[in-house]
Amino acid sequence: MNEPNPVIIFETLNAFQRTGALKAAIELKVFTVLGAGPLPATAIATATGTSERGMRILCDYLAVIGFLEKSVDGYSLTPTAAVFLDQKSASYMGSVAGFVAADAIMDTYRDVAGAVRKGGTLLANGGSTNVGFELWVEFAKSMAPMMKPAAHFIADLVAEKHDAGPLRVLDIAAGHGLFGITIAERMPDAEIVAQDFERVLEVANENAKLAGVHDRYTLLPGDAMAVEFGENYDFILLTNFLHHFGTDTCITLLKKVRAALKPGGFAVTLDFIPNEDRVTPAVSATFALTMLMSTDQGDAYTFAEYEQMFAAAGFGNNRLIDVPNSPSRLVLSCNA
Ligand SMILES: C[S@@+](CC[C@H](N)C(=O)[O-])C[C@H]1O[C@@H](n2cnc3c(N)ncnc32)[C@H](O)[C@@H]1O
């Protein structure tokens, strides 16, 4: 670790290859083809309508980086690939490439130095906080599978905190809607109000219909900073949302959230929350770069920063909770 070694330089400058190779394998359904058992490159090439040379080189690359295993029988899936990348698996999440590795996102990384010079995104109109940011519809369509463990964890927490009876939940920046929908599935008396931009809510509403909860699912379209939330909510969800904004905007929004909660109600913030050192754990810490590249003022806030923002908005009681099987953490804030 302390010995100078240039390999990390070569690997990092080449890291775009990993993105491209995984994206290609998902697009070509390589993992789904291999779901039935090991195959040589020739058979995978035939099944995917590709060249034998191309498939051999792609599969070797995927074996090197840990998505496939190679043996005398050919290539087979690693446990991660089998669970998350075979379309026949209930936990399939290949769709996330449609947002995480979208061309529009990857293009922003052509000029990291420019964003560092400026101190914010080079995308037009504030990037991902702009009302017309097209990729949020793609996010809503593609990212739900990644949120499943956290959605179930939050639904369990809500069930644990709530005594029997009716329950009002506001899901701010609902996206695909999975967080509110999972609560509605878990608790038959829960009424969900889903808030997001109109076109994004169309996706959430379809998902609510598919889940059979749309009779308890209301849409509140518009800019969260501007729309009236209503009042008397038991829980208000802020999942993967506050990170887009600077602290002053977050505090303004949190005051509005507090005013919409019942006394004793909870704000549930799910986010990438690094340790106070800001360099661990890796997934949460590196999320700050995502915010630099796509927003004017967003950040991966630490728990101490969240505590300050929530305190400034009048929340006195904030707890940090780890979320199993997810890189995210949760801040549970009581409107005491
Ligand atoms: C990262 S996604 C999070 C979606 C979902 N809450 C989740 O955790 O997966 C951010 C969401 O915020 C929405 N959004 C961004 N700016 C917004 C605003 N000003 N008002 C309402 N929604 C907004 C986007 O449309 C998008 O659905």
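Indexing begins at 1, ligand by ligand and atom by atom, following the structure's order. Residue numbers start at 1 and run along the sequence shown.
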With a 4.0 Å cut-off on N to O distance, would you call [X] and [Y] a salt bridge?
X      : Y      : answer
Glu307 : Arg319 : no
Asp322 : Arg329 : yes
Asp60  : Lys70  : yes
Lys141 : Glu138 : no
Lys23  : Asp103 : yes
Glu305 : Arg278 : yes

Using a threshold of 4.0 angstrom between heavy atoms of the protein and any atom of ligand 1, which residues qualify?
-> Trp136, Phe139, Met147, Ala173, Ala174, Gly175, His176, Phe179, Gln195, Asp196, Phe197, Val200, Gly222, Asp223, Ala224, Thr239, Asn240, Phe241, His244
